Amino acid sequence: MSQITLTFPDGNTRAFPAGITAADVAADISPSLAKKAISAQLDGAHWDLAWPIEADAAIAINTLKDDAPALELIRHDLAHIMARAVQELYPDTKVTIGPVRDQGWFYDFDRTEPFTPEDLGAIEAKMKEIINARDAVRTEVWPREDAIAHYEKTGEPYKVELINRIPGNEPIRMYWHGDWQDLCRGPHLQNTGQVPADAFKLTHVAGAYWLGDSTRPMLQRIYGVAFKNRNDLKAHMQMLEEAAKRDHRKLGREMDLFHMQEEAPGQIFWHPNGWTIYTTLQDYMRRKQRVDGYVEVNTPQVVNRVLWEKSGHWDNYQENMFIVEVDEDHAREKTVNALKPMNCPCHVQVFNQGLKSYRDLPLRMAEFGSCNRYEPSGALHGIMRVRGFTQDDAHIFCTEEQIESETKKFIEFLAGIYADLGFHAWSIKLSTRPEKRIGTEESWDHAEESLGNACKAAGYDFEIQEGEGAFYGPKLEFVLTDAIGRQWQCGTLQVDPNLPERLDANFVAADGAKHRPVMLHRAVLGSFERFIGILIEEHAGKLPFWLAPRQVVVASIVSDADGYVNEVVAALNAKGIRAEADTRNEKINYKVREHSVGKVPVILACGMKEVEERTVTVRRLGEKQTAQATLGQIVADLAAEATAPDLR
RNA sequence: GCCGCAGUAGCUCAGUGGUAGAGCGCACCCUUGGUAAGGGUGAGGUCGGGAGUUCAAUCCUCCCCUGCGGCACCA
């Protein structure tokens, strides 16, 4: 029998017979390791303990202490355990796929009856039984035809389809624990008992299309989360509670920011408090854009279909547009218009007015463009995904040679804004040419290279998303990470040579001839509506002072102080600070609680002592301690604090 | 759009085949209280919309609308 050499993490090497398993290697090291072992890394690849090793390799034995492989295996085997539990409880159920995902896994089932929340409890109990049975996991590589025949016999058509989709050179691996059987590439734990029985939870059921294809059957997907121990599970459940507390829909109601109602689904009724955030943010963005060399325009909401036909939206995007038909007097046919779903075609119209010279480029044309899109009903979500919204949109008309420098300039612009708004963790993704595309390979090469170079020149790394670009050009996406670790794609920059072509935009170059400009579609926030939703969740409603809709409440402790309270409010208002008086017939405890719950950053309390000394007692949101300040001092301090970051 | 679940007072929710209830909020009164809910009284509901079953529907059935969780979508 031939020998192989395995190298251990400490650098030692040993010879073993070829075909030895990682389990044997672990047992050879120590019986305790053999028991604790869950899998191995073989030349970096995740390797099942039971798989034979046929060649020289670097090997490391994983135990539950190794987070990544441990969680991977726990979640993966729980998917199988859940599928077995489901089939034991509901034998008419057909299994499909069940991958590891996020903090857990899901498994899709085909069953006529819907799963109920009570069913989840029963499934969870059955899973615990299976774990406690400590059934050994066994896998075998089968010939493809045998596996297909097996699943045809057992009535699992989805498995047959999966096998047919596995590339020909890959082994068909059959999996068992107990008598239950599944198809799976592995690796797996040694037995079901290695899964912690108290660190997982089934979370919810939802519909999901087979293979993610909306033309295929809708399956039932059960989601679960799993960790290495009970405490981690508990921490995860607490994180979910925290996210629920931060939900902008809940805070929006509590802080009286906005509401939505069924006569206008996907559109927002902004209340005074919410609109204050909106306009404060918009004023800030407008100042930033002016400083950065943008011109601002405003273009029509309702535009005849003729323009949308020229721009290509009518063909490609019609089902997402609000169509407005107008029956004009004596007209044979109704005039057909659409609410603009985006601003770019209108911006080209502005560009096309008059003759443009190369000296006009780059031309940075911004609009806080109100757009309406008929989003699918299932996509709507609070103010994050709506049908009526305003983008911080701009189009940079430039030459191909200017793409790189304009992109670099934009990245720096965006970085400054994210920093001002308190977002320090963000990353860039570069989406490259998709399979279905227009344009020459040379222009794609140049555009992709320009975007990549611009990132590097600005000092940022980027991740490539192969084939994810738009059909007309590559794009950058800017992704924020929020306070509780969630990611939000906000900023974007897309290279577009297509629309100038379709709408016949041109400029006179130095050679005296007409040339086609390139458009860079770009946004920093994305939409104000969505970004404000993100801000609310990021700060759990406790917005920075300059953005807070109600910045200060001045509260009287006794009614004899009411006059002085009004004087303090007037002094603050005179400096542009959003301050209100609370002179209601309530105790100071009550007022403090109410305004704390309402996320007012500063409460100034005034009793007779303050009236006599012409001071205020300052209480900051989230702080138990109070401080004294003179009236003049607090007005000056808060005025400084209320200044937007770009004006400091 | 698809699958599932839900819709009762401004908010959070309970409830019943015989036309509804709590807490908070709101209004008024008492109370002038020093940093997260002082006390009392009162007003407030076409039980999401429509149709059906029934002597009788907020409750049962069907259709629609909206929301929630996913999926698909996000040019």
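By convention in this document, chain letters (A, B, ...) are assigned in the order of the sequence lines, proteins followed by strands, and residues within each chain are numbered from 1. Please read these numbers as outputs of a predicted model, since none were measured by experiment.
Contact annotation for M608(A): base contact, defined as any heavy-atom pair under 4.0 Å involving a base atom. Note on M342(A): a base of the nucleic acid sits closer than 4.0 angstrom, heavy atoms only. The residue R253(A) sits close only to the backbone: its heavy atoms come under 4.0 Å of sugar-phosphate atoms, none of a base. Nucleic acid contact for G212(A): sugar-phosphate only, since backbone atoms but no base atoms lie under 4.0 Å from a heavy atom of the residue. The residue E610(A) sits close to a base: some heavy atom pair falls under 4.0 Å. Residue contacts for P376(A): at a heavy-atom cut-off of 4.0 Å it reaches a base atom on one of the strands shown.
Between F478(A) and F462(A), the distance separating the two ring centers is not shorter than 6.0 angstrom. Annotation: W275(A) is in aromatic contact with Y278(A) [ring centroid separation under 6.0 Å]. For H259(A) and F269(A), the ring centers sit closer than 6.0 Å to each other.
Base pairing of U66(B): its partner is A6(B), meeting the Watson-Crick or G-U wobble criterion (both donor-acceptor distances under 3.5 Å). Within the shown strands, C60(B) is the pairing partner of G52(B) under the Watson-Crick or G-U definition, both distances less than 3.5 Å. Look at U41(B): its Watson-Crick or wobble partner, with both distances under 3.5 angstrom, is A27(B).
Among the nucleotides G1(B), C68(B), C26(B), the one closest to the side chain of Y209(A) is G1(B). Across U32(B), C71(B), G1(B), the shortest atom-to-atom separation from the side chain of A208(A) is found for C71(B). Listed nucleotides C74(B), G4(B), G69(B) differ in distance to P114(A); the shortest reach to its side chain belongs to G4(B).
Residue side chain T626(A) does not reach the base of U35(B) through any donor-acceptor N/O pair under 3.5 Å, judged by distance alone. Side-chain to base pairing of T617(A) with G34(B): one donor and one acceptor N or O lie within less than 3.5 Å of each other.
Using a 4.0 Å cut-off between a side-chain N of Lys or Arg and a carboxylate O of Asp or Glu, R433(A) and E441(A) qualify as a salt bridge. Between E623(A) and R619(A) there is no salt bridge, since none of the side-chain N atoms of the basic residue sits less than 4.0 Å from a carboxylate O of the acidic one.
R246(A) approaches E537(A) most closely through the heavy-atom pair NH1-O, 2.7 Å.
Applying the 4.0 Å criterion to OP1 and OP2 of G69(B), one finds that H381(A) has a side-chain N or O inside that range. OP1 or OP2 of C71(B) lies within a sub-4.0 Å distance of a side-chain N or O belonging to R101(A). For S377(A), a side-chain nitrogen or oxygen approaches OP1 or OP2 of G1(B) to under 4.0 Å.
Around CD of Q625(A), the count of heavy atoms belonging to other residues, nucleotides or ligands within 6.0 Å does not exceed 12.
In this structure, I222(A) atom CD1 and G4(B) atom P are separated by 14 Å, rounded to whole Å. Spacing between atom CZ of R385(A) and atom C1' of C68(B) amounts to 16 Å, rounded to whole angstrom units. What separates CH2 of W210(A) from C1' of A72(B) is a distance of 16 Å, to the nearest Å.
If Y317(A) and G382(A) are placed on RNA chain B by their nearest nucleotide, the residue sitting closer to the 5' end is G382(A).
Taking the ring centre of F389(A) as origin, the terminal cationic atom of R387(A) falls outside the region bounded by 6.0 Å and 45° from the ring axis.
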| field | Nucleotide-resolved protein contact map, nucleotides 36-41 of chain B, B/S/- at heavy-atom distance under 4.0 Å | value | BBS---
